[in-house]
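Data first, discussion second: the structure below is written as structure tokens.
Bear in mind the structure is a predicted one, so any value in this text is a computation, not a measurement. Heads up: numbering here begins at 1 and tracks the sequence.
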Amino acid sequence: METRDARLAPQNRDASKISGPLRKFAAAAVVAAGGTGIRMNSAVPKQFLEIAGKPILLHTVEGVSLINEVTQIVVALPLEFIGAASEILNRQPTRLRIECVPGGMNRQESVRCGVAHVRPGVDIIMVHDAVRPLCDLETMRRVLDAAWKKGAAVPGLPATETIQRVSRRGRVLSTPPRRELYAIQTPQAFRADILRSALDRAHEEGYWGTDESSIVRWAGHPVTVVTGSPDNIKITRPLDLDFAELLIREKDGAAMSKAELHIGHGIDYHRLREGRKLILGGVELPFDKGLEGHSDADALSHAICDALLGAAGLGDIGRHFPDTDPSNQDRSSLEFLREARQMIEKEGWKIRNVDATLIMQQPKVGPFARKMRQNIAESLGLDDAAVNVKATTTEGMNAEGRGEGISAQAIALLEKK
């Protein structure tokens, strides 16, 4: 195995730099979730046990979904648990819909089944244990980047105690040099062609590895070790469950106590009139009327812009993008969002999430809501999951209900960097 001293590996502690809006490669994640509750003394498979009010599997998948390069998540697990897992993982809208597929007779075959469902065009396949719910974003980022550069990578921690080779009778056989010993974790990441060919060859020749990196090495490919995380524990025994609960609650509490959070509210109204395009969230909706205004009159984007500026104490949209300025005429309001984001970040704020509601009688927003979310998220440098767009009617009451106009309201949460 190609290794380097993980003690010397650089560590990026700024989580805001983990995933940006630009991708240099496309990755898929295969989550191996075929474990049982035998060592947990539980009748329920351990991946479904709860920590801090959520199933372990959900914690793990939510962590993986935060990586912007990950375009697909496949969970491989026993057939009888697919329904329960799908319900848990897809009950709330997220950036990615999670695919649950039947696994195999052991972990290696389950991973192979998951890899078979990875879509073509993916550059990197990341394999992760379902019961490692505490893997941090920095570790996943390091593994993916190393795999992209070198073909295969795993996270690891140098051994801190003497490791002995021991016979079945309990006699010490040898003492390997501790400097060469690392505890290897997941996620492990590989160039897609390397992992596919290694798994297929191992299947054909009957080779069984202890993890994906051992199979890839057996197939003749070097594997790089990057710095792992001591918190990236694998839930195996009841004590692990208690320890993970403590770690999650400690991190959540520390983050909340240290964070300076500001909430902003925005609201915008525009009349409907003929001869205008109807633009909402940067999407043109098919309708016989559009919104009246100096720019493209995108009420949704305007309300979000006001909420963001308000949370940062920077006034409102009229102050920064007045309708008396000829340069704003017919401008896309997504440009307003991008400039508002720059102003906010210059003041030391980070956008956490946005929730917006359109109030309108027609047309229907549902078919266009996802694209609106994507446009807004891209403009604000967020994952789609951090933006929510919904719509409601007023049952025919007031100006919106009579079809005279459209309004939008938004709430934004900012965190001081």
Next on the checklist: Taking atom CZ as the centre, does Arg273 end up with more than 12 heavy-atom neighbours from other residues, nucleotides or ligands that are less than 6.0 angstrom away?
Outcome noted: yes
Checklist entry - Run the side-chain contact (heavy atoms from CB on, under 4.5 Å) check on Arg341 and Leu337 step by step: do they pass? => result CA-CA 6 Å; Arg341 170 195 173 191; Leu337 288 177; over 6 Å; no
Next on the checklist: When you compare the side chains of Ser333 and Asp296, does any donor N or O come within less than 3.5 Å of an acceptor on the partner?
Outcome noted: yes
Checklist entry - Are side-chain heavy atoms of Arg276 and Phe287 found at a separation under 4.5 Å? => result no
Checklist entry - Can you find a heavy atom in the side chain of Val75 that is under 4.5 Å from one in the side chain of Leu57? => result yes
Checklist entry - Given side chains that start at C-beta, do those of Asp323 and Asn328 come closer than 4.5 Å, heavy atoms only? => result no
Checklist entry - Taking atom NZ of Lys54 as the centre, does the number of heavy atoms from other residues, nucleotides or ligands within less than 6.0 Å exceed 12? => result yes
Next on the checklist: One thing to verify: whether Arg107 and Asp129 come together as a salt bridge, which I'm taking to mean a side-chain N less than 4.0 angstrom from a carboxylate O.
Outcome noted: yes
Checklist entry - Are any side-chain N or O atoms of His294 and backbone N or O atoms of Asp325, one a donor and one an acceptor, separated by less than 3.5 Å? => result yes
Item to check | Minimum heavy-atom distance between Ala385 and Arg373, given as atom pair plus value | outcome: CA-NH2, 3.6 Å
Checklist entry - To the nearest 0.5 Å, how far apart are CZ in Arg338 and OG in Ser332? => result 6.0 Å
Checklist entry - Hey, are Arg112 and Glu109 close enough for a salt bridge, meaning a charged N less than 4.0 Å from a carboxylate O? => result yes
Item to check | Closest non-hydrogen atom pair, Gly282 against Leu334 | outcome: CA-CD1, 3.8 Å
Next on the checklist: Run the salt bridge (Lys or Arg N to Asp or Glu O under 4.0 Å) test on Lys24 and Asp145 for me, step by step, so that the C-alpha distance in whole Å, both residues' side-chain angles and the decisive distance to 0.1 Å come before the verdict.
Outcome noted: CA-CA 10 Å; Lys24 56 187 175 184; Asp145 283 347; 3.5 Å; yes
Checklist entry - Angle class for the Phe81/Phe48 ring planes (parallel below 30°, perpendicular above 60°, tilted otherwise)? => result tilted
Checklist entry - Do side-chain atoms of Asp306 reach the backbone of His265 as a donor and acceptor pair under 3.5 angstrom? => result no
Checklist entry - Are any side-chain N or O atoms of Gln188 and backbone N or O atoms of Ser213, one a donor and one an acceptor, separated by less than 3.5 Å? => result yes
Item to check | Side-chain donor-acceptor pair present, Arg142, Thr139, cut-off under 3.5 Å | outcome: yes
Next on the checklist: For the NE2 atom of His262 and the CG atom of Leu413, what is their distance to the nearest 0.5 Å?
Outcome noted: 10.0 Å
Item to check | Test log, rule side-chain contact (heavy atoms from CB on, under 4.5 Å), inputs Phe368 and Glu284 | outcome: CA-CA 9 Å; Phe368 309 99; Glu284 183 178 344; over 6 Å; no
Checklist entry - So which heavy atom on Ala33 is nearest to which on Leu77, and how close? => result O-CB, 3.3 Å
Checklist entry - Is there a side-chain contact between Arg132 and Lys234, using heavy atoms and a 4.5 Å cut-off? => result yes
Checklist entry - Once you round to the nearest 0.5 Å, how far does CD1 of Ile351 lie from CG of Leu380? => result 4.5 Å
Checklist entry - CG/Asp193 to CD1/Ile124 distance, rounded to the nearest 0.5 angstrom? => result 9.0 Å
Checklist entry - Side chains of Val118 and Arg196: does their closest heavy-atom pair fall under 4.5 Å? => result yes
Next on the checklist: Looking at Glu274, I'd like to know if its CD atom is crowded, meaning that more than 12 non-hydrogen atoms belonging to other residues, nucleotides or ligands lie closer than 6.0 Å.
Outcome noted: no
Next on the checklist: If only side-chain N and O atoms count, and only distance matters, is there a donor-acceptor pair under 3.5 Å linking Ser214 with Asp211?
Outcome noted: yes
Checklist entry - Between the side chain of Gln72 and the main-chain N/O of Arg119, is any donor-acceptor distance below 3.5 Å? => result yes
Next on the checklist: Is it the case that the side chain of Asp298 and the backbone of Leu300 share a donor-acceptor pair, with hydrogens and angles ignored and the cut-off at 3.5 Å?
Outcome noted: yes
Checklist entry - For the residue pair Leu278 and Pro363, what are the closest heavy atoms and their distance? => result CD2-CD, 3.6 Å
Item to check | Chi angles and distances behind the side-chain contact (heavy atoms from CB on, under 4.5 Å) call for Thr394, Gln361 | outcome: CA-CA 7 Å; Thr394 62; Gln361 202 64 30; 3.9 Å; yes
Checklist entry - Can you name the nearest heavy-atom pair linking Phe321 to Ala340, along with the distance? => result CZ-N, 4.4 Å
Checklist entry - Quick one: does His221's side chain get under 4.5 Å of Arg191's, heavy atoms only? => result no
Next on the checklist: Using only atom types and a distance under 3.5 Å, with no angle test, would you say the side chain of Glu245 pairs donor to acceptor with the backbone of Ala52?
Outcome noted: yes
Next on the checklist: Nearest 0.5 angstrom please: Asp242 CG to Ile51 CD1, how far?
Outcome noted: 9.5 Å
Next on the checklist: Within the supplied structure, the quantity of interest is the number of heavy atoms (other residues, nucleotides, ligands) at a distance under 6.0 Å from Glu161 CD; does it exceed 12?
Outcome noted: no
Next on the checklist: Under a 4.0 Å threshold between the charged nitrogen and the carboxylate oxygen, would Glu69 count as salt-bridged to Arg141?
Outcome noted: yes
Checklist entry - Is there a donor-acceptor contact under 3.5 Å from the side chain of Asp268 to the main chain of Ala408? => result no
Checklist entry - Which pair of heavy atoms, one from Ala189 and one from Val143, lies closest together, and at what distance? => result CB-CG1, 3.5 Å
Item to check | Tyr207 OH: over 12 foreign heavy atoms closer than 6.0 Å | outcome: yes
Next on the checklist: Could you check whether any side-chain heavy atom of Asp231 comes within less than 4.5 Å of a side-chain heavy atom of Asp136, counting everything from C-beta outward?
Outcome noted: no
Checklist entry - Does the Asp200 side chain pair with the main chain of Ser197, one donor and one acceptor, at a distance under 3.5 Å? => result no
Next on the checklist: With a 3.5 Å distance limit and no angle check, can you tell me whether Asn90 reaches the backbone of Ile98 through a side-chain donor-acceptor pair?
Outcome noted: yes
Item to check | Salt bridge Lys390-Asp355, side-chain N to carboxylate O under 4.0 Å | outcome: yes
Checklist entry - Could you go step by step and tell me if Val225 and Ile184 meet the side-chain contact (heavy atoms from CB on, under 4.5 Å) rule? => result CA-CA 8 Å; Val225 176; Ile184 301 303; 4.3 Å; yes
Next on the checklist: Counting C-beta onward and ignoring hydrogens, is there a side-chain heavy-atom pair between Leu382 and Asn353 closer than 4.5 Å?
Outcome noted: no
Item to check | Polar side-chain atom of His128 near backbone of Thr60 as donor-acceptor pair, under 3.5 Å | outcome: no
Checklist entry - Measuring from Glu212:CD to Ile215:CD1, what's the distance to the nearest 0.5 Å? => result 5.5 Å
